[in-house]
Amino acid sequence: SCIPASTTYKSVFVNTCVSNCLDGQWKNITDATNPICSLCDASCVTCVDNSTNCTKCLTISSIIQTYLYDINGDGSYSVCLTSCPPNYFGQLLGLDSSSNTNICTKCHINCKTCNGTGYINCQSCALGKYLGLGTSICSTTCPQGQYVDGNVNYVCVACNIGCAACYATASNCSNCQ
């Protein structure tokens with residue numbers, strides 16, 4: 001056992017006291033008389049305060065990325081995921097796989113799914129918003145020359161040639177060109 005009230009911890013792998021735990025371990029002071037380095041969860045490269053509070057995720061491969069996710073919505077990214085949940089996208093903050101600080105970032109409120117920050121990176125739209133044809137922007141109305149297709153979920157479709165504006169169907173012109 002290491003000296004209580006000192007800043008040393010008993011290492012998990014070697015029977016010595018260390019001032020800093022190795023990667024994959026956290027400083028466990030649950031028992032103040034026996035501070036130890038405890039193992040992090042298998043998904044974490046580093047963690048703090050407990051085994052599942054990840055600060056860096058394990059990289060599975062160069063093809064499969066892992067992302068830190070703020071599960072509580074309080075800015076404390078601590079859970080490692082291989083894909084981000086709905087309404088989030090994987091933002092690659094690390095310059096390479098060794099500095100894996102990728103995080104799940106919330107999409108813009110207009111987007112249901114997205115591939116970047118802001119309203120111009122939507123892949124599909126939130127309820128009541130429509131994705132303009134040939135754009136990545138969701139808005140409450142379709143752009144000029146497009147209409148909301150009731151058969152395609154939250155997507156704008158082009159009006160027929162010659163229609164400047166239409167509604168309900170491509171051929172139902174409300175303004176001609």
Side-chain angles (χ1 to χ4, degrees), residues 1-132 135-139 153-155:
S1 146
C2 298
I3 302 167
S6 73
T7 55
T8 59
Y9 306 85
K10 185 174 182 186
S11 175
V12 173
F13 299 112
V14 291
N15 198 18
T16 61
C17 295
V18 295
S19 58
N20 287 309
C21 298
L22 300 171
D23 279 357
Q25 301 174 23
W26 61 284
K27 296 175 181 178
N28 184 344
I29 56 171
T30 305
D31 178 359
T33 62
N34 188 27
I36 61 172
C37 294
S38 293
L39 292 175
C40 295
D41 183 80
S43 66
C44 306
V45 171
T46 57
C47 63
V48 294
D49 301 330
N50 66 58
S51 64
T52 58
N53 190 17
C54 301
T55 55
K56 185 176 178 185
C57 298
L58 181 67
T59 301
I60 297 169
S61 73
S62 60
I63 297 170
I64 301 172
Q65 294 292 325
T66 53
Y67 305 93
L68 278 170
Y69 173 58
D70 179 11
I71 196 165
N72 297 318
D74 61 4
S76 61
Y77 294 85
S78 61
V79 176
C80 294
L81 303 173
T82 54
S83 63
C84 295
N87 296 49
Y88 287 81
F89 72 98
Q91 187 170 13
L92 306 175
L93 299 179
L95 299 176
D96 58 49
S97 61
S98 66
S99 62
N100 190 1
T101 54
N102 305 331
I103 62 171
C104 292
T105 302
K106 191 150 182 63
C107 294
H108 187 272
I109 195 167
N110 287 359
C111 307
K112 181 177 180 181
T113 58
C114 65
N115 59 5
T117 58
Y119 71 96
I120 61 170
N121 289 300
C122 299
Q123 294 174 313
S124 65
C125 299
L127 186 64
K129 306 292 182 190
Y130 306 100
L131 187 63
T135 74
S136 298
I137 299 172
C138 295
S139 61
N153 209 12
Y154 306 111
V155 175

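This one's a predicted model, so the numbers in the text were calculated from it and none came from an experiment.
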* Asked: Rounded to the nearest 0.5 Å, what separation is found between the CD1 atom of Ile36 and the NZ atom of Lys27?
  -> 14.0 Å
* Structure fact -> Rounded to the nearest 0.5 angstrom, the CG-SG distance for Asp23 and Cys47 is 9.5 Å
* Asked: Asn50 side chain to Thr52 main-chain N or O, any donor-acceptor pair under 3.5 Å?
  -> yes
* Step-by-step side chain to side chain contact (heavy atoms under 4.5 Å, CB included) determination, Asn121 to Ser136 -> CA-CA 5 Å; Asn121 289 300; Ser136 298; 5.5 Å; no
* Within a radius of less than 6.0 Å around NZ of Lys112, do more than 12 heavy atoms belonging to other residues, nucleotides or ligands occur? -> no
* To do: Kindly say whether Thr113 contributes a backbone atom to a donor-acceptor pair with the side chain of Ser124 at under 3.5 angstrom?
  => yes
* Just how far is it from atom NE2 of His108 to atom CD1 of Ile137, taken to the nearest 0.5 Å? -> 10.5 Å
* Asked: How long is the span from the CG atom in Asn34 to the CG atom in Asn28, to the nearest 0.5 Å?
  -> 9.0 Å
* Spell out, with a plain yes or no, whether Cys57 and Cys44 have SG atoms under 2.5 Å apart. => no
* **Worked verdict on Val155 versus Tyr130 for side chain to side chain contact (heavy atoms under 4.5 Å, CB included)** => CA-CA 5 Å; Val155 175; Tyr130 306 100; over 6 Å; no
* Asked: Are any non-hydrogen side-chain atoms of Thr105 and Thr117 less than 4.5 angstrom apart?
  -> yes
* Of the non-hydrogen atoms in Gln25 and Leu39, which two are nearest, and what is the gap between them? -> CG-CD2, 4.2 Å
* Look up atom CG in Asp49 and atom OG in Ser78, then write down how far apart they are to the nearest 0.5 Å. => 10.0 Å
* Using only the SG atoms, decide whether Cys111 and Cys138 are less than 2.5 Å apart. => no
* Would you indicate whether Cys104 and Cys84 have their SG atoms under 2.5 Å apart? => yes
* Identify the heavy atoms of Lys56 and Leu68 that sit nearest to each other, and give their distance. => N-CD1, 4.5 Å
* With a 4.5 Å heavy-atom cut-off, do Leu58 and Ser43 have their side chains touching? -> no
* Asked: CG/Asn110 to CG/Leu127 distance, rounded to the nearest 0.5 angstrom?
  -> 11.5 Å
* **Heavy-atom side-chain contact between Asn102 and Tyr67 under 4.5 Å** => yes
* Evaluate the criterion side chain to side chain donor-acceptor pair (under 3.5 Å) for residue pair Thr46 and Thr55; output intermediate values, then yes/no. => CA-CA 5 Å; Thr46 57; Thr55 55; 2.5 Å; yes
* Verify disulfide (SG to SG under 2.5 Å) between Cys21 and Cys37, making sure each step is shown before the conclusion. => CA-CA 6 Å; Cys21 298; Cys37 294; 2.1 Å; yes
* Between Ser11 and Thr16, do the side chains contain an N or O donor and an N or O acceptor separated by less than 3.5 Å? -> no
* Structure fact -> When every non-hydrogen atom of Tyr9 is compared with those of Ile29, the smallest separation belongs to CE2-CG2, 3.6 Å
* In a single word, yes or no, tell whether Cys54 and Cys40 have an SG-SG distance below 2.5 angstrom. => no
* Asked: For the side chain of Ser38 and the backbone of Trp26, is there at least one donor-acceptor N/O pair under 3.5 Å apart?
  -> no
* What's the verdict on side chain to side chain contact (heavy atoms under 4.5 Å, CB included) for Asn115 and Phe89, showing C-alpha distance, side-chain angles and the deciding distance? -> CA-CA 6 Å; Asn115 59 5; Phe89 72 98; 5.7 Å; no
* To do: Would you please indicate if the ring centroids of Tyr69 and Tyr88 are separated by under 6.0 Å?
  => yes
